Amino acid sequence: MRPGRPRVGAAAGSVVSTSAAELDRPAWQRKGELVAAPCTFAFRITAVSRPWCPALFPCCPVGRGGVLALCGASRGREPKARALLQICFGELGVVLAFLLAYGSQGLNHEGWLLLALKSQMVDTLHHLDNWNARDPTPCAWRGVNCSLPPNPAVVSLDLSNMNLSGIVAPSIGGLAELTYLDLSFNEFYGTIPAEIGNCSKLEVLNLFNNNFVGSIPPELGKLSKLVTFNLCNNRLHGSIPDEIGNMASLENLVGYSNNLSGSIPHSIGKLKNLSTVRLGQNLISGNIPGEIGECLNLTVFGLAQNKLSGPLPKEIGRLSFMTDLILWGNLLSGVIPPEIGNCTDLKIIALYDNNLVGQIPSTIGNIRSLERLYLYRNSLNGTIPSEIGKLSLGKEIDFSENYLTGGIPKELGNIPGLYLLYLFQNQLTGSIPTELCGLRNLTKLDLSINSLTGPIPAGFQYMRKLIQLQLFNNMLSGNIPPRFGIYSRLWVVDFSHNNITGQIPKDLCRQSNLILLNLGSNLLTGNIPHGITNCKSLVQLRLGDNSLTGSFPTDLCNLVNLTTVELGRNKFSGPIPPEIGNCTSLQRLDLTNNYFTSELPQEIGNLSKLVVFNISSNRLRGNIPLEIFNCTVLQRLDLSQNSFEGSLPSEVGGLPQLELLSFSDNNLTGQIPPILGKLSRLTALHIGGNQFSGGIPKELGLLSSLQIALNLSYNNLSGNIPSELGNLALLENLFLNNNKLAGEIPATFANLSSLLELNVSYNDLSGALPPIPIFDNMAVTCFIGNRGLCGGQLGKCGSQTSPTSQSSNSVSRPMGRIIAIVAAVIGGISLVLIGIIVYHMRKPLETVTPLQDKQIFSSGSNMHDSTKEAYTFQDLVSATNNFDESCVIGRVLVAQCTEPF
């Protein structure tokens, strides 16, 4: 080295010249010079403590006197040494740059460590701009705190919430006096440096809310003074290292919302000071180790939403200071140990959504401090222990979705602060205890989906804080207490699917808070009270399946929040008023099976948000209003079983969201519009039972989503069956029977791989049945009534007799004539009965039997349809060839084929 070349001097970071005297020293003793010792390449940084060097330059071992040495230069190994030296000096780059630029300043070694840390970060908001190499120490830098003079050292580094990103450099491990490290709420990525384990005085390590990956370094187990370890909300994976048991001072272990896996280490039992465990939302599996019972200071034990299995260990009963037991959303099995009753400080037990079985232990009643008890969505059985009534501080109890039996214990009425009680979806029996009416703070009560009987307790109507009452799917009887709603600010009332009688209370919406009213499937009578139809807060009104009367309540159309109206299967009558167009928020309108008459008003087209419209089984007539096709978000449209006439408008093709379309059993005429083929989301098309004529549009073969059914039966369709129907690969049910179709069954039907039912009977089809395997499993009655059809079950083509005639010949002719005579007599009697029925049908509406009580189902309704109504006696004579014997037998066979739905 030439005289005057800079070197690192006595004060770390200073730059001095190499004196002539130094040149006389052995080469390896010269300071600041890269030299070749007999076996070493070495670079010496004077006045730098030896522990600092490997932390900043981990690839360079420390030689004597603070020399960073790379051995292996002798005996021909110089190239390898040079390569290692290049790696080492790659880490030195940033520091050397600062040394060369600001060498005259006195920044201490911890400052250089922090600058090395910063060099790997991206500081877009310039939070660390005052980290200046000209400063003697980093103690005034943002986020840095130091101990007191005369030898200040970095004891705290808080870089939280600074929008920093990048990796955390290993140099962090050189901060030997560090007690507090907080890097939370940033965007750091990469792995957690194992060198943090060298910060032996660290007490708080906050790495949460970043993007760290990799596993938890086992070297962190050396942090014996660590009290808080928080690494939640990262992307860490792998198991929790067993070395965590060496963190003797650890009190708070928080690591939820990662991808940690493996089992809980048994070494956790060594952590005698542990008070909080929060490791939810991971992939931790295996059993909960019994060693957890050694953590006697544990207060919070949270491992929700993992894959823990096996039983809850009885050792958990030793944790007498525990306040929160949160293990929901796992695969825990077995019984709840009765020892849990020893945890008398518990405030919350959340064991829901597991596979726990057995009874609810009565010892839970000993936990007098318990406020929230969640055991729902398990497989618990047995009765609810009466000791639950001892939980005098209880606020929320949820035992729903289990297999609990017996009655609801009246002792639950002894919990004065209870504001939530959910017991729904069990097998509870008996009546609702009147003692529950004493729960003055109860706001939410759900006893639905049980087998409860008896009346709704009258005291419920006086519970002032009650906002949600759900009792649906039971066997409750009697009337609804008449003062319901006067004292309670009810939001949700659902008494559906019971045996409740009487009328709807008029004050249910007195407080103007009611959002959902569901009283469907009961035995209610009378009109809808004005207090309901004027309820401005109402969003859903569901009153179907009752015996309610009156006309359509026009006041409903003034409710701006109303999205659902279900009045189907009642006895409402009269026309649908034009005011229906004011219900502009409606999404679901179900008026099926009533006595609505007249024409469908064109104002229905104003309901632009309508998704479901079902007005089937009424007495509507006239043309289908074109305005209905302005409801372009419709998904289900059902106008079946009415008396609509005219053609099916081509505007139906403008409903791109349509999934179900049913116009069956009306008096529609004309041709089937080909534009139906554009309804790409259609899964079911029912237009049977009309008077459509012409051919089947080949465009129906474009309905690739058609799955449930294509029903074109009982029309006057003619021509050939389009081969394009074979493209409907998802179709399960195809009904073309009782038309005038001709030609052969297309061979493309072999492509109908999902087909379950096919009916082409009573057409003019001819030719051989295609050799399709599914045809071999279908009843012959699905093909009869086609004189020219042969092959398969119908017999060989060209034979003189069909299966129908063969079966007829097996009956003697005298017996056949007797059958024919009997059939004629029965037919005559039937005509008389039909005349009587027609006479009564012409009476006023009040005397007519409801449509839902009829036993005859139409061709558009379901899988149990009979033939179309209104055949005359002459039709029967003609169709049976004057009651010929073969026809008698043939008609019996028709019932063996599934009819369309």
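Just so it is clear, the model here is predicted, and its values are computed rather than measured.
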Q) Do we see a donor-acceptor contact under 3.5 Å between the side chains of Gln281 and Ser257? A) yes
Q: Indicate the ring-plane relationship of Trp328 and Tyr352, choosing parallel, tilted or perpendicular according to the 30° and 60° boundaries.
A: parallel
**Q.** Asn211-Glu187 side chain donor-acceptor pair, cut-off 3.5 Å
**A.** yes
Q: To the nearest 0.5 angstrom, please state how far the CD1 atom of Ile364 sits from the CG atom of Leu391.
A: 8.0 Å
(Q) Distance alone, cut at 3.5 Å: any donor-acceptor contact between the side chains of Tyr180 and Asp182? (A) yes
Q.
So for atom NZ, which belongs to Lys272, do other residues, nucleotides or ligands contribute more than 12 heavy atoms lying within a distance under 6.0 Å?
A. yes
**Q.** SB check Glu243 Lys222 (cutoff 4.0 Å)
**A.** no
(Q) Just by distance, no angles: are the side chains of Glu659 and Gln657 close enough, under 3.5 Å, to form a donor-acceptor pair? (A) no
Q: Verify the distance criterion only: is there a donor paired with an acceptor across the side chains of Asn561 and Ser537 at less than 3.5 Å?
A: no
(Q) Just so I know, are the side chains of Arg318 and Leu296 near enough to count as touching, which here means a heavy-atom distance under 4.5 Å? (A) yes
Q) Quick one: do the Asn441 and Lys395 side chains pair a donor with an acceptor below 3.5 Å? A) no
Q | Close side-chain approach of Lys465 to Tyr487, heavy-atom, < 4.5 Å | A | no
Q: Taking the side chain as every heavy atom from C-beta outward, state whether Leu373 and Ile388 have any atom pair closer than 4.5 Å.
A: yes
(Q) Taking side chain to side chain contact (heavy atoms under 4.5 Å, CB included) as the criterion, tell me which of Asn252, Asn297, Leu253 meets it with Leu274. (A) Leu253
Q. Is there side-chain contact between Leu412 and Leu436, with heavy atoms separated by less than 4.5 Å?
A. yes
Q: Enter the distance from Ser379:OG to Glu401:CD here, rounded to the nearest 0.5 Å.
A: 11.0 Å
Q.
Nearest 0.5 angstrom please: Thr383 OG1 to Asn426 CG, how far?
A. 11.5 Å
Q. Do you see a donor-acceptor pair shorter than 3.5 Å between the side chains of Asp242 and Ser267?
A. yes
Q: State, with a plain yes or no, whether a side-chain heavy atom of Met247 is found less than 4.5 Å away from one of Leu220.
A: yes
Q. Any chance the side chains of Glu396 and Tyr419 put a donor and an acceptor closer than 3.5 Å?
A. yes
Q) Are side-chain heavy atoms of Leu327 and Leu312 found at a separation under 4.5 Å? A) yes
Q | Phe460 side chain near Leu469 side chain, heavy-atom distance below 4.5 Å | A | yes
Q: Run the ring-centre check on Phe424 versus Phe472 and record whether the distance is less than 6.0 Å.
A: no
Q. Does the side chain of Thr228 reach to within under 4.5 Å of the side chain of Val254, using non-hydrogen atoms?
A. no
**Q.** Side-chain donor-acceptor pair present, Tyr403, Gln425, cut-off under 3.5 Å
**A.** no
Q) Roughly how far, to the nearest 0.5 Å, is the OG atom of Ser496 from the CG atom of Leu516? A) 8.5 Å
Q. If you round to the nearest 0.5 Å, how far is CD1 of Ile456 from CG of Asn474?
A. 9.5 Å
(Q) Quick check: closest heavy atoms across Pro289 and Pro265, and the distance to 0.1 Å? (A) CG-O, 4.3 Å
Q) So, the side chain of Asp398 versus the backbone of Tyr374: is there a donor-acceptor pair under 3.5 Å, distance only? A) no
Q. To the nearest 0.5 Å, what is the distance between CG (Leu393) and CG (Leu370)?
A. 9.0 Å
Q | Under 3.5 Å: donor-acceptor pair, side chain of Asn186, backbone of Leu159 | A | yes
